[in-house]
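See below for the structure under consideration.
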Amino acid sequence: MSKEITARAEDYSKWYNDLVVKADLADHSAVRGCMVIKPSGYAIWEKMQQALDKMFKDTGHVNAYFPLFIPKSFFSKEASHVDGFAKECAVVTHYRLKNDGKGNIVVDEDAKLEEELIVRPTSETIIWNTYKGWIQSYRDLPILVNQWANVVRWEMRTRLFLRTAEFLWQEGHTAHATAEEAVEETRRMLDVYADFAENWMAVPVIKGVKTANERFAGAIDTYCIEALMQDGKALQAGTSHFLGQNFAKAFDVKFAAKDGKLDYVWATSWGVSTRLMGALIMSHSDDHGLVIPPKLAPTQVVIVPIYKGDEGLAKVSEVALQIKAKLQAKGISVKYDDRDTQRPGWKFAEYEMKGVPVRIAIGERDLANGTVEVARRDTLEKETLSITDLENKIEHLLQNIQDNLYKIALTRREEMTHRADTYEEFKKLLDEKGGFIYAHWDGTSETEEKIKEETKATIRCIPLNNVQEAGVCIYSGKPSTQRVLFARAY
RNA sequence: CGGGGUGUAGCGUAGCCCGGUAUCGCGCCACAUUUGGGAUGUGGAGGUCGUCAGUUCGAAUCUGGCCACCCCGACCA
């Protein structure tokens, strides 16, 4: 099977689409805007889930599951929340089909739902309606719940993983007695996301706060992690919201404090989605295919035998299987590909396309020398190593690849991060270089809107721990106290 | 929902202007020779030409409707 993908330099967007399909991660489905996540893609998502789930548990959270359907009336209880999602909701209106007598299956108009159901675009409403029954006293708090689920947002334009009508995610929903505690939780989970992005995905991120325009519908503050892709466009990789008492008020969730006074509960919500797959793919991959950091690679090492005849394969396999066992004993996931239906060169290209971090080739010549050929996917370098102590060398190599991928991504981001002091300079940077641009902003939504209309760049975030620096807004010339992070975004 | 484009075998395509039952490559199946970077040869299977209707002796080809998908805009994790 000969496979080729469009080069990044030629058409980045086409490169991404080709890659997702050719690396067997996902496909378009029969349903418009929805994707089929194939086993190779889902295996990576499962690795992400495992790592994140452990991080959530380690920070005291527990998993639960809430319904896919939300009564329409719940939705209208929080005004800005409705505004934010109303335009992209799928609605269930009937509960039965029937045969129309001419062989067609049609909706049974007699089976109209008394109250229409919304397919969840996010679960705040159904969860806060539920929390009302769980919370009476400060003793019931905090509630630290996460759910892994699918959600639906009826998008006009979709792209595999980056934006699909249905996607998989996790959403954490917590309830607290005080604002301070809720803010602390919001920030804690932001840190968890940043930790995951950098240490597992090898994707450097900038933590920050969204402006009012970009804030989650119904939140007081939205925190985010922003990553920069190879083409210079930003990608929001995760969000954590401080919801204040907005949902508690909408759903009348009060608790009795120690002093007996009743108060509304403070809330947070936070989520990352299969969009992370897009971030992962676009951060490291090259024109040969996918590059996956070892810590998220479903298969970390593949062993390819090179041999002549059945007898040759038997000899090579004996040694290869010993190597496999030693690597597995180290906790490394290994695949020994001894299929005789494909030739070695074909397998090399195939595993490069699929992003397996390390490839070991072992042939009869190696048997004589006590060596193997080791190829690393990140740099495509090959070297011949002695079989002695190979498992330790591979273990180090995997760590080295993980570190190297992060370092390269970080260097690239730094090279693509600029400062602009005038609007002219800003526009020039956007058109010629792209990337992140630090610039002064007067803090108004009007200015932000204007800049967005004129340049398609948005304020990705106001970075946390931002350096305070007097300046003037690049657009309005009004005074500003700090630079904010602009970029064109996915 | 506006503007542009495309639908022919699993995938990519030729044929369409000028109507006569479909071309080529990859992949697939069998056998043989092969195996240190996507092997080669020989033989073979696979198509209601997106769909519905119209024109015609005859439609992939001409006409009209519908559907789907892609790209560009408005909306978004």
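Sequence lines set the chain letters: A, B, ... in the order given, protein chains first and strands last, and positions in each chain run from 1.
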If you only use heavy atoms from C-beta on, which nucleotide in B:G36, B:C75, B:G38 is closest to the side chain of A:A349? B:G38
Between A:Q300 (side chain) and A:P294 (backbone), is there a donor-acceptor pair under 3.5 Å? yes
What integer number of Å spans the C1' atoms of B:G15 and B:A60? 8 Å
Could you please name the option among B:G38, B:A77, B:U35 that lies closest to any side-chain atom of A:S273? B:A77
For A:K382, report the nucleic acid contact type (base, sugar-phosphate, nothing); a contact means any heavy atom under 4.0 Å. base
Straight-line distance of A:I303 CD1 to A:K335 NZ, nearest 0.5 Å: 12.0 Å
Out of B:G36, B:A77, B:G38, minimum distance to the side chain of A:R275 belongs to B:A77
Under a 3.5 Å cut-off for both distances, is B:A45 Watson-Crick or wobble paired, and to whom? none
Side-chain donor or acceptor of A:R343 under 3.5 Å from a matching atom on the base of B:G36? no
So what's B:A53 paired with, Watson-Crick or G-U wobble, going by both distances under 3.5 Å? B:U63
If I take atom CE in residue A:M35 and atom C1' in nucleotide B:C69, what distance separates them, rounded to the nearest angstrom? 18 Å
Other residues, nucleotides and ligands only: do more than 12 of their heavy atoms fall within 6.0 Å of CG on A:D310? no
Is A:T158 touching bases, backbone alone, or none of the nucleic acid, heavy atoms closer than 4.0 Å? nothing
Rounded to the nearest Å, what distance is computed from the OH atom of residue A:Y307 to the C1' atom of nucleotide B:G37? 16 Å
Can you tell which of B:G36, B:C75, B:U35 lies closest to the side chain of A:K87? B:C75
Taken to the nearest whole Å, CG/A:D310 to C1'/B:U34 is 13 Å
Could you work out the separation of B:A22 and B:U63 based on their C1' atoms and round it to a whole Å? 23 Å
Just the rounded figure in Å: distance from C1' of B:G73 to CZ of A:R159. 16 Å
Check whether the ring centres of A:F56 and A:W270 lie less than 6.0 Å apart, and answer yes or no. yes
So what does A:Q236 hit on the nucleic acid, given a heavy-atom distance under 4.0 Å: a base, only sugar-phosphate, or nothing? sugar-phosphate
Base-pairing mate for B:U40 - Watson-Crick or G-U, with both contacts under 3.5 Å: B:A32
If we check salt bridge (charged side-chain N to carboxylate O under 4.0 Å, His left out) with A:R8, which of these qualifies: A:D287, A:D18, A:D286, A:D231? A:D287
Same-atom distance (P) from B:U21 to B:C26, integer angstrom: 26 Å
Is the NZ or CZ atom of A:R275 positioned over A:F167's six-membered ring, under 6.0 angstrom from the centre and within 45° of the axis? no
Could you check A:H173 against A:S269 for side-chain hydrogen bond (donor to acceptor under 3.5 Å, both in side chains), going step by step and ending with a plain yes or no? CA-CA 5 Å; A:H173 294 274; A:S269 68; 4.7 Å; no
Between the base of B:G73 and the side chain of A:K456, is there any donor-acceptor pair under 3.5 Å? no
With heavy atoms under 4.0 Å as the rule, sort A:F167 into base, sugar-phosphate or nothing. base
Nearest-angstrom distance from the residue atom NZ of A:K308 to C1' of B:A39: 13 Å
The residue among A:I362, A:D340, A:D338 that forms side chain to side chain contact (heavy atoms under 4.5 Å, CB included) with A:Y307 is A:D340
Between P on B:C1 and CH2 on A:W154, what's the gap in Å once rounded to a whole number? 14 Å
Nearest to the side chain of A:D366 - B:G36, B:C75, B:U35? B:G36
Quantified in whole Å, what is the C1' atom distance between nucleotide B:G27 and nucleotide B:A59? 31 Å
Side chain of A:R359 only, heavy atoms from C-beta on: which candidate in B:G37, B:U35, B:A77 is closest? B:G37
Scanning all shown strands, the Watson-Crick or wobble mate of B:G27 with both distances under 3.5 Å is none
Give one of base, sugar-phosphate or nothing for A:L162, where a contact means two heavy atoms less than 4.0 Å apart. base
B:C17 -> Watson-Crick or G-U wobble partner, both distances under 3.5 Å, gives none
A:R488 CZ to B:C72 C1', in whole Å, measures 15 Å
When the nearest nucleotide of RNA chain B is assigned to A:E352 and to A:D340 on a heavy-atom basis, which residue is associated with the more 5' position? A:D340
Rounding to the closest angstrom, what is the interatomic distance between B:U61 and B:G41 at atom C1'? 38 Å
Consider the side chain of A:E350, meaning its heavy atoms from C-beta on, and name the nucleotide among B:G38, B:G37, B:C75 that approaches it most closely. B:G38
B:C62 versus B:C16 - spacing of their P atoms, nearest Å: 9 Å
Is there a donor and acceptor pair closer than 3.5 Å between the side chain of A:Q342 and the base of B:G38? no
Applying the 3.5 Å cut-off to both distances, the Watson-Crick or G-U partner of B:C75 turns out to be none
To the nearest Å, give me how far apart CZ (A:R365) and P (B:U35) are. 12 Å
Sort out the partner of B:C69 for me: Watson-Crick or G-U wobble, both distances under 3.5 Å, none otherwise. B:G5
I want to verify a distance call: between B:G36, B:C70, B:G37, whose nearest atom is closest to the A:H28 side chain? B:C70
Looking only at atom C1', what distance separates B:C24 and B:C66, rounded to whole Å? 32 Å
What distance, rounded to whole Å, do you find between the two C1' atoms, one in B:C57 and one in B:A45? 34 Å
